[in-house]
Asks: 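The following block contains the structure, expressed as structure tokens.
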Amino acid sequence: MVVKFLDLKAVNLQYKDEIEQKLLEVFSSGWYIHGSEVENFENNLAKYINVNAAIGVANGLDALRLIFKSYIQMGVMKPGDEVIVPANTFIASILAISDNLLTPVFVEPDINTYNIDISKIEEKITGKTRAIMIVHLYGRTVFSNDLLALAKKYNLKIIEDNAQAIGANWQDKKTGSLANAAAFSFYPGKNLGALGDGGAVTTNDDELAKRLRAIANYGSSKKYVNDVMGVNSRLDEIQAAVLNIKLRYLENENERRRDVAAYYINHIKNKKIILPQMPQNKQEHVWHLFVVRCEQRNELQKHLEQCGIQTLIHYPIPPHKQKAYTQYNHLQLPITEQIHREVLSLPISSVITGEEMKQVTDALNLF
Ligand SMILES: *Cc1c(COP(=O)(O)O)cnc(C)c1O
């Protein structure tokens, strides 16, 4: 039997009846953009994250892009300013910065958490720095009082890329409520996935919320009246309807992922394989991905494939080594580069079976 990396069909089949009924309802309503489903979802998400405002947008990249675009229109930052960002992240984090003509300044991750090394941020702050973007990579929260103090000392915004960590905590707060603004992705494979693209921004800053909401809708708060130059980036009623249903099960799904992660950590015993660390507070990880490291990563991937186990690499090429960013290709970020050489993501989801988990573990222990 093949163990799929992620059986999305099975994930969504868990909620088949509810979703089918709701989709028919939206279909029959005749109202498909900016209606009650989106309004409900924005309220539900804001309540779940415990923030003043949530704004639905078209996808996670747009959520990030629009946060920066709003800050630029508000005069908080301007093209040419610098944004500190982890060097080890999905390309969207960097694209959102460069798309706004801001300059990403890469900071190395902590080899134990794969998240930005907060102790290495201050040395990268210059007179042009306006923000720090943190990415809760693989579903693991990154935050600290030191980070907050740093932002205060240098008057910087902190922006959370929460695309991989919806539902995770820092102390008793949810990621997405820790800083000035946060971006969410509802790409189907994310922990809260739609049946297509979707995204959201959360914030406690009412001015930012108002500005961003207008920009996402052609720059207008009143139909055909354009106060600022905006874009079209909207969450639609069908996706919001699905998300309203799935949000109610998110805590269960994340708990199930924690069980799978604990099983792997307890049962994979192979000196060649470095396991991810369970944070002391289990609520600080929602295990969007279960990422191991191995010096012979490519051989390990081949071995697992022969054992019928699908794996993926998140990510094979770091942003600063991509062709799209030749201006940064000369940078040397050895920890980031080592991570990209060595990581491999194992199957993890809310629907993986005990048998499948055992098959994965046995194959890893045989390597
Ligand atoms: C998925 C993801 C995004 C982008 O989300 P989309 O909805 O695909 O645009 C941004 N950042 C990170 C870390 C992601 O994993």
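In each ligand, atom 1 is the first atom listed, and ligand 1 is the first ligand listed. Counting from 1, the numbers follow the sequence of the chain as shown. Computed from a predicted structure; not experimentally measured.
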Asks: If the cut-off is 4.0 Å to any non-hydrogen atom of N59, which atoms of ligand 1 fall inside it?
Replies: 7 (O), 9 (O)

Asks: Tell me whether E39 at atom CD has more than 12 heavy atoms from other residues, nucleotides or ligands lying less than 6.0 Å away.
Replies: no

Asks: Among the heavy atoms of H288, does any lie under 4.0 Å from an atom of ligand 1?
Replies: no

Asks: I want to know whether H303 and F367 have ring centres closer than 6.0 Å.
Replies: yes

Asks: Would one find an N or O of V135, backbone or side chain, under 3.5 Å from an N or O of ligand 1?
Replies: no

Asks: Out of G193, A163, S93, who is nearest to atom 3 (C) of ligand 1 when you count heavy atoms only?
Replies: A163

Asks: Tell me whether S185 has any N or O atom under 3.5 angstrom from an N or O of ligand 1.
Replies: yes

Asks: Show the atoms of ligand 1 that are less than 4.0 angstrom away from any heavy atom in A92.
Replies: 3 (C), 4 (C), 10 (C)

Asks: Taking L150 as the fixed residue, which of L156, N145, I121 is the one that meets the side-chain contact (heavy atoms from CB on, under 4.5 Å) rule?
Replies: I121

Asks: Provide, to 0.1 Å, the distance between atom 9 (O) of ligand 1 and the closest protein heavy atom, together with that atom's residue and name.
Replies: L61 N, 2.9 Å

Asks: Looking only at heavy atoms, is any part of D161 under 4.0 Å from ligand 1, and if so is it the side chain, the backbone, or both, or is it neither?
Replies: side chain

Asks: Starting from atom 15 (O) of ligand 1, what is the nearest protein heavy atom, named by residue and atom, and what distance separates them?
Replies: Q164 NE2, 2.8 Å

Asks: Could you list the residues that satisfy salt bridge (charged side-chain N to carboxylate O under 4.0 Å, His left out) with R130, not counting sequence neighbours?
Replies: D81

Asks: Could you check whether any side-chain heavy atom of I166 comes within less than 4.5 Å of a side-chain heavy atom of K190, counting everything from C-beta outward?
Replies: no

Asks: Would you mind telling me which of E253, R257, K246 makes a side-chain contact (heavy atoms from CB on, under 4.5 Å) with N191?
Replies: R257

Asks: Verify the cluster assignment for Y264 and L289: are they in a single hydrophobic cluster under the rule of side-chain heavy atoms below 4.5 Å apart?
Replies: yes

Asks: Does any N or O atom in F186 lie less than 3.5 angstrom from one in ligand 1, N or O only?
Replies: no

Asks: Ignoring angles and geometry beyond distance, decide whether Y187 reaches within less than 3.5 Å of ligand 1 through its nitrogen or oxygen atoms.
Replies: no

Asks: With a sphere of 6.0 Å drawn around NZ of K4, does it hold more than 12 non-hydrogen atoms of other residues, nucleotides or ligands?
Replies: no

Asks: What is the nearest protein non-hydrogen atom to atom 2 (C) of ligand 1, stated with its residue, atom name and distance?
Replies: K190 NZ, 2.6 Å

